[in-house]
Amino acid sequence: MKQFIRLSIYGIILMTSTGKAGSQLSDKAQFDVAKNLSIYNALFKELILHYVDSIPPQEIIQKNINYTLQLLDPYNEYISEDEIPEFILHTTGEYGGIGAVIASDSNNIYVAETYVGMPANKAGLQAGDVIVEINGEKMTGKQSSFASEKLKGQPNTTVKIQFQRYGEKSQREAIITRERIEIDPVTHYDMLTENVGYIYLASFTTHSAQQVLSAINGMKKNHDLKALIIDLSDNGGGVLEDCLKMLNFFIPKGKLLMTMKGKYPEQNREFYTTQNPVEPDIPLAVIVSKHSASASEIFAGTLQDLDRAIIVGNKTYGKGLVQSTFSLPYNGQLKLTTAKYYIPSGRCIQAVNYSTQNNGSGLNIPDSLTNIFYTANGREVRDGGGITPDILIQNDKTPTMIYYLDNQNMFFNFVVQWRQKHPHIAKPETFTLSDSVWMEFVDYVKKNNFAYDRQSEKALNKLREIMEFEGYINSASDELKALSEKLKPDLDRDLNLYRKQISDILAQEIIRHYYLAQGSIIYSLRNNNAVKKAIDALTCHKSITKDVAAASLPCPLKNERLSNHFANLSILTLNYN
């Protein structure tokens with residue numbers, strides 16, 4: 001019988017035969033494997049029998065397995081029987097439960113987020129509610145993973161939850177009927193202008209292609225849809241099969257989408273469009289970010305290589321490796337890197353070169369070692385480092401202070417408390433963060449002993465150590481003292497310095513608590529530079545062509561030959577701040 005494995009770009013998707021792989025090992029390689037496994041087995045037996053203290057064999061062997069896999073690259077993983085449901089959730093977006101994200105801190109298990117229309121949301125649970133008991137079992141001292149497993153179960157079964165809401169003296173109780181939870185990957189879609197539609201796709205799951213098609217049809221039915229933006233920013237990938245299905249919507253039948261190359265020739269595969277496109281001519285813009293990875297990069301890169309879309313945003317993550325899952329004894333799974341993928345131009349966008357010599361950490365591929373490839377219309381593109389957008393957006397750098405505010409849950413905890421005094425706020429389209437709310441947040445941060453590690457102070461201390469070592473400390477003591485005074489921690493000053501960035505994150509957190517993930521997307525669209533530039537590109541706004549001189553970008557909405565509407569895109573990569 002042939003052995004079958006499931007191929008994935010993050011999750012379980014396709015089937016392929018690899019029955020010959022084992023037989024292609026040389027006699028020496030097979031002997032080395034058998035010899036060293038025999039040594040390890042004998043060694044571990046002696047370890048268990050004779051080591052002076054008792055040791056947990058399962059824990060030690062598990063750590064050895066994980067260490068071995070991580071020596072190769074970070075995408076390899078042993079998935080135990082207990083972890084299979086979570087693995088399936090990430091690949092399919094489906095599970096049986098109440099439809100809530102559960103988190104924990106040093107004291108409590110709490111609800112981090114609920115999904116609209118799901119059991120937890122319908123039962124009235126909201127972000128910040130502390131879960132005290134699940135089916136009579138106290139959650140004090142438990143991890144979020146423990147509580148999450150207790151909340152999951154077969155659809156149509158019930159779970160009883162005792163929870164405490166901030167500001168209330170008595171606990172609340174909810175008896176919730178579990179449902180088959182299917183997380184909608186299309187977080188939001190709508191018309192942004194009279195003619196330009198927008199879809200935010202959070203991940204590629206087993207039903208994402210159908211959800212995207214439904215969104216397109218919904219906009220076509222009710223609006224004059226003439227151009228489309230697909231937002232893949234922060235989309236970490238998912239199921240390759242649905243990524244390829246989605247590409248079929250926009251690319252003619254018979255076109256090469258992707259090539260997969262493994263260790264052995266019989267593992268190599270080519271993927272083509274298999275059906276006539278439903279939207280062969282609609283002008284497309286795809287938004288990506290530095291966290292867009294894997295299937296997202298296949299989608300954006302394939303459309304770029306075929307000159308079918310304008311890519312807008314930041315350079316993507318650069319994951320060009322394919323994982324396959326193998327069945328193991330006792331219902332375990334092994335997720336293992338078995339191939340690399342190549343998009344139509346022939347390039348692989350893997351950004352890091354992993355090898356056992358680097359202990360799995362890998363080395364970034366320098367620009368000098370990347371190669372030039374060409375799109376269908378002859379534009380130059382490069383391999384070895386993600387997808388470089390056609391319109392590159394330079395985002396503001398995130399201050400270190402914001403990371404500390406987020407890590408210490410300052411945004412989340414403030415909103416949990418603030419919400420109890422403000423049951424209603426304006427809609428995401430019109431909400432603004434007032435000065436009074438800002439001052440409430442500043443007071444909250446001060447009262448809760450917020451501490452942040454300032455990199456400039458660290459660098460100054462390091463400089464002081466070097467100057468002492470080299471003997472310059474006395475000659476520059478006055479200058480060091482003056483610089484130290486300027487870098488002295490001042491919370492009021494630093495909060496005010498980064499008020500704009502902090503206010504935007506705080507406003508999004510407030511919106512998320514009232515209007516969930518969709519509301520957060522709607523709010524972010526108001527000042528999304530990548531979206532604005534995508535609209536400009538699709539509608540030929542003057543800001544896109546101001547520096548292009550005579551050889552300007554074509555106008556998709558006015559171009560009679562829409563299938564070639566990006567033929568001249570090779571003239572430049574635009575940068576916007």
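Sequential numbering from 1 along the given sequence is applied to the chain's residues. Note: hydrogens, waters and symmetry copies are ignored here, and every other heavy atom, side chains too, is used.
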side-chain contact (heavy atoms from CB on, under 4.5 Å) evaluation trace for Gln333 with Ser327: CA-CA 5 Å; Gln333 295 278 330; Ser327 295; 3.7 Å; yes
Step-by-step side-chain contact (heavy atoms from CB on, under 4.5 Å) determination, Met191 to Leu225: CA-CA 8 Å; Met191 298 294 294; Leu225 180 67; 3.9 Å; yes
Between [X] and [Y], what is the shortest heavy-atom contact and its length?
| X | Y | value |
| --- | --- | --- |
| His188 | Leu525 | CD2-CD1, 4.0 Å |
| Gly384 | Thr370 | O-CG2, 3.8 Å |
| Leu538 | Ala285 | CD1-CB, 3.9 Å |
| Ala100 | Tyr115 | N-CD1, 4.1 Å |
| Ser324 | Thr338 | OG-OG1, 2.5 Å |
| Ile102 | Ser144 | O-CB, 3.8 Å |

Is there a side-chain contact between [X] and [Y], using heavy atoms and a 4.5 Å cut-off?
| X | Y | result |
| --- | --- | --- |
| Thr539 | Asn195 | no |
| Tyr198 | Asp190 | no |
| Thr205 | Ile183 | no |
| Leu228 | Phe250 | yes |
| Asp406 | Phe412 | no |
| Ile387 | Ile343 | yes |
| Lys255 | Asn248 | no |
| Ile199 | Gln211 | no |

Qualifying residue for side chain to side chain contact (heavy atoms under 4.5 Å, CB included) with Glu77, from Gln70, Lys335, Gln323: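 Of the listed options, the one satisfying the test is Lys335.
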Side-chain ([X]) to main-chain ([Y]) donor-acceptor, under 3.5 angstrom:
| X | Y | result |
| --- | --- | --- |
| Thr273 | Pro252 | yes |
| Arg269 | Met258 | no |
| Asp234 | His291 | no |
| Gln267 | Tyr264 | yes |
| Tyr200 | Ser233 | yes |
| Thr187 | Gln518 | no |
| Asp383 | Cys348 | no |
| Ser292 | Leu232 | yes |
| Ser38 | Ala34 | no |

With sequence neighbours excluded, residues passing side-chain hydrogen bond (donor to acceptor under 3.5 Å, both in side chains) with Asn76: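 Once residues adjacent in sequence are excluded, the partners of Asn76 under the side-chain hydrogen bond (donor to acceptor under 3.5 Å, both in side chains) criterion are Asp73, Thr337.
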Residues forming a salt bridge (Lys or Arg N to Asp or Glu O under 4.0 Å) with [X], sequence neighbours excluded:
| X | answer |
| --- | --- |
| Lys340 | none |
| Glu279 | Lys220 |
| Lys290 | none |

Test side-chain contact (heavy atoms from CB on, under 4.5 Å) applied to Gln350 and Val352, step by step: CA-CA 6 Å; Gln350 177 64 25; Val352 179; 4.0 Å; yes
Neighbour count above 12 (heavy atom, 6.0 Å) for Asp27 CG: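 Atom CG in Asp27 is not packed in, count stays at 12 or less.
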Within 6.0 Å of CD in Gln275, more than 12 heavy atoms from elsewhere: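 Yes, because the 6.0 Å sphere around CD of Gln275 holds more than 12 heavy atoms from other groups.
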Roughly how far apart are [X] [atom1] and [Y] [atom2], rounded to 0.5 Å?
| X | Y | atom1 | atom2 | value |
| --- | --- | --- | --- | --- |
| Ile229 | Asn528 | CD1 | CG | 9.0 Å |
| Asn66 | Tyr78 | CG | OH | 9.5 Å |
| Ile287 | Leu201 | CD1 | CG | 12.5 Å |
| Glu113 | Ser520 | CD | OG | 9.0 Å |
| Ile79 | Asn331 | CD1 | CG | 13.0 Å |
| Glu270 | Leu256 | CD | CG | 5.5 Å |

Electrostatic pair Asp32:Lys28 at N-O distance under 4.0 angstrom: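 Yes.
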Residue pairs fulfilling salt bridge (charged side-chain N to carboxylate O under 4.0 Å, His left out) with at least one residue in residues 516-525, sequence neighbours excluded: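 Not a single pair qualifies under salt bridge (charged side-chain N to carboxylate O under 4.0 Å, His left out).
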Which donor-acceptor pairs under 3.5 Å do side chains of residues 295-306 form with protein atoms, sequence neighbours excluded?
| residue | atom | partner | partner atom | Å |
| --- | --- | --- | --- | --- |
| Ser296 | OG | Asn235 | O | 2.9 |
| Ser296 | OG | Asn235 | OD1 | 2.9 |
| Glu297 | OE1 | Ser294 | N | 2.8 |
| Glu297 | OE1 | Lys319 | N | 2.9 |
| Glu297 | OE2 | Thr316 | OG1 | 2.7 |
| Glu297 | OE2 | Tyr317 | N | 3.3 |
| Glu297 | OE2 | Gly318 | N | 2.4 |
| Thr302 | OG1 | Leu257 | O | 3.2 |
| Thr302 | OG1 | Ile298 | O | 2.7 |
| Gln304 | OE1 | Arg347 | NH2 | 2.7 |
| Gln304 | NE2 | Thr388 | O | 3.0 |
| Gln304 | NE2 | Asp390 | OD1 | 3.1 |
| Asp305 | OD1 | Ser345 | OG | 3.4 |
| Asp305 | OD1 | Arg347 | NE | 3.1 |
| Asp305 | OD1 | Arg347 | NH2 | 2.7 |
| Asp305 | OD2 | Ser345 | N | 2.9 |
| Asp305 | OD2 | Ser345 | OG | 2.7 |

Residues Leu247, Phe271; criterion side-chain contact (heavy atoms from CB on, under 4.5 Å); working and verdict: CA-CA 11 Å; Leu247 287 168; Phe271 299 87; over 6 Å; no
